[in-house]
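All remarks here apply to the structure that follows.
To find a chain, count down the sequence lines: A is the first, B the second, and so on, and within it residues start at 1. Basis for what follows: all heavy atoms, side chains included, without hydrogens, waters or symmetry-related copies.
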There are 2 protein chains.
Amino acid sequence: MSDHNKPYILIVEDEAPLVTLLRYNLEKQGFRVEDTGDGGEALTRITEAPPDLLLLDWMLPTMSGIELCRQLRRRPATRQLPIIMLTARAEEQDAVRGLDTGADDYITKPFSTEALIARIRALLRRSGSVPQKLKLNFHDISLDPASHRVIRNGRALHLGPTEFRLLEFFLRHPKRVFSREDVLNAVWGRDIHVEPRTVDVHIRRLRKAINGPGEIDIVRTVRAAGYALDLDEIA
Amino acid sequence: MSDHNKPYILIVEDEAPLVTLLRYNLEKQGFRVEDTGDGGEALTRITEAPPDLLLLDWMLPTMSGIELCRQLRRRPATRQLPIIMLTARAEEQDAVRGLDTGADDYITKPFSTEALIARIRALLRRSGSVPQKLKLNFHDISLDPASHRVIRNGRALHLGPTEFRLLEFFLRHPKRVFSREDVLNAVWGRDIHVEPRTVDVHIRRLRKAINGPGEIDIVRTVRAAGYALDLDEIA
DNA sequence: GCGTTCCGTGACAATGCTGTGACGGTAGCG
DNA sequence: CGCTACCGTCACAGCATTGTCACGGAACGC
């Protein structure tokens, strides 16, 4: 079979021997592995094809691991990307800062392959192990994150970038109510300053875009609470 | 704000000094902390009020941490519950097995509080830091905090925001009588100034909203005391 | 039975919340 | 540069919700 079914791990690390070792062990475990020693290159490759998990070295030539991490967390597309930091024992203080910057876990060199693989498994399982690739469906709507396409009742919908991310977010958590602040954090970003009422406007634009004539509105308003992707009637 | 907004961490650990230390540091970080040294009791408490994150010691008197972990992973309600294992340095092999059993992370004793807190933050962020909200049931009524929906006998009920919070509060403490002041503190807020009699009006609105024709009233009035959610079957 | 206390009920004015259209600003693109 | 698409903010209207009150009836103690 091709490698496309396997979880895809990107290693960002410049010590060649370590990379060889990691690649050998991870591929033996059934992962698809790519690597790069350059932070900037990593950013590009992640942008064009986001991995399922990132192994990130703290010490890097062009861009520090922590900086790369920060950049990834700033983008909505990679905000959920599982990241494990590789750090030398002496840099433990930095690793702590790394976690706060947005890494999900860290491991200190030297480490046992066994421990690393266990952590990778735990992290992949938690993130659903195939984060970005599955189509999202609800009622008669289908959104394909890969091809960036939305379809309702066979006809393609035209959504703006924000509307797309908004719908994607709600599709990932159907039937759950989110406050405007929740939506802002998830769709716009954590440190962005935007009026909460802005969500209303985009909800309206989303509604206008997805609700054709005669079709029911699947965006439910919950007064004094927020919005949810749900049918108003009971299923 | 009350503790209900803070992330709730349950510590399962039988070394009292360690618990004291953890509690002190975690509460300082703004977490709500509970603890128990008994695995069985932990299971009960998690069942009735699932925490946002679990700190779990490997060595426990009645039930080993790994067994508790396994049990939690078997139940749908706690399958996603973030778990961090506490383990002694010498037990690292076990910790690896722990991760495969379903723990999300582990940390070896002795550890720095700093590192632990960083991991807690990372894990909470990953899990959406959304508290596990379970459906609340009583008699033939079901309230789902996540979807903000109330159902009785299969039909959806329309409640205003205050009525919803009121019902949610009573559902969390069934069969218990609360004075109007209690209700005001819990549902309206501690520093809000509202006439106690206002509760009466909302109780009436709640009754009107949830009691369909031919259905019994599950809101019981206790004269000179307050209200309770209970079946009023007194001869 | 009778007075007193307490609660249910309907009405109402004030407030709060959301839908909607419009507007100016900006980034991308030919 | 002009054009287009998109974004964030605002003002306003319409409606839902809220807190309070007055009235009357029910429950209670004696």
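Using a 4.5 Å heavy-atom cutoff, the side chains of B:H139 and B:E215 are not in contact. Counting heavy atoms from C-beta outward, B:L116 and B:L22 have side chains that approach closer than 4.5 Å.
Whole-Å rounding puts the A:H158 NE2 to D:dC6 P distance at 4 Å. Remark: P of C:dT18 and CD of A:E195 are 14 Å apart, rounded to the nearest angstrom. Atom CD of A:E181 is separated from atom P of C:dC17 by 12 Å (rounded to the nearest Å). Atoms CZ (B:R207) and C1' (C:dC7) sit 9 Å apart, rounded to a whole Å. Taking atom CZ of residue A:R205 and atom P of nucleotide C:dA22, one finds them 13 Å apart after rounding to whole Å. Rounded to an integer number of Å, the gap from A:E163 CD to D:dA5 P is 13 Å. Residue A:L184 contributes atom CG, which lies 9 Å from atom P of D:dG8 at whole-angstrom precision. The CD1-C1' distance, from B:I203 to C:dG8, rounds to 12 Å in whole Å.
Ring geometry, A:W188 versus A:H202: the interplanar angle exceeds 60°, so the pair is classed perpendicular (tilted spans 30 to 60°).
Look at A:R180 and you'll find a side-chain N or O under 4.0 angstrom from OP1 or OP2 of C:dT18. In terms of phosphate contacts, A:T162 brings no side-chain nitrogen or oxygen within less than 4.0 Å of OP1 or OP2 of D:dC6. OP1 or OP2 of D:dT9 lies within a sub-4.0 Å distance of a side-chain N or O belonging to A:T198. In terms of phosphate contacts, A:W188 brings a side-chain nitrogen or oxygen within less than 4.0 Å of OP1 or OP2 of D:dG8.
Closest approach to the B:K208 side chain among D:dC7, C:dG10, C:dG21 is made by C:dG10 (side chain taken as heavy atoms from C-beta onward). Checking D:dT17, C:dT18, C:dC6 against every side-chain atom of B:R223, the shortest atom distance belongs to C:dC6.
For A:R204 against C:dG21, no side-chain N or O and base N or O form a donor-acceptor pair under 3.5 Å. For a distance-only test at 3.5 Å, the side chain of B:R197 qualifies as a donor-acceptor partner of the base of C:dG8.
Taking the six-membered ring for Trp and the full ring otherwise, the centers of A:Y227 and A:F170 sit at least 6.0 Å from each other.
The residue B:Y227 sits close only to the backbone: its heavy atoms come under 4.0 Å of sugar-phosphate atoms, none of a base.
Going from atom CG of B:D144 over to atom CZ of A:R176 covers 10.0 Å, rounded to the nearest 0.5 Å.
Across the interface with DNA chain C, nearest-nucleotide mapping of B:V201 and A:V222 shows B:V201 to be the residue nearer the 5′ end.
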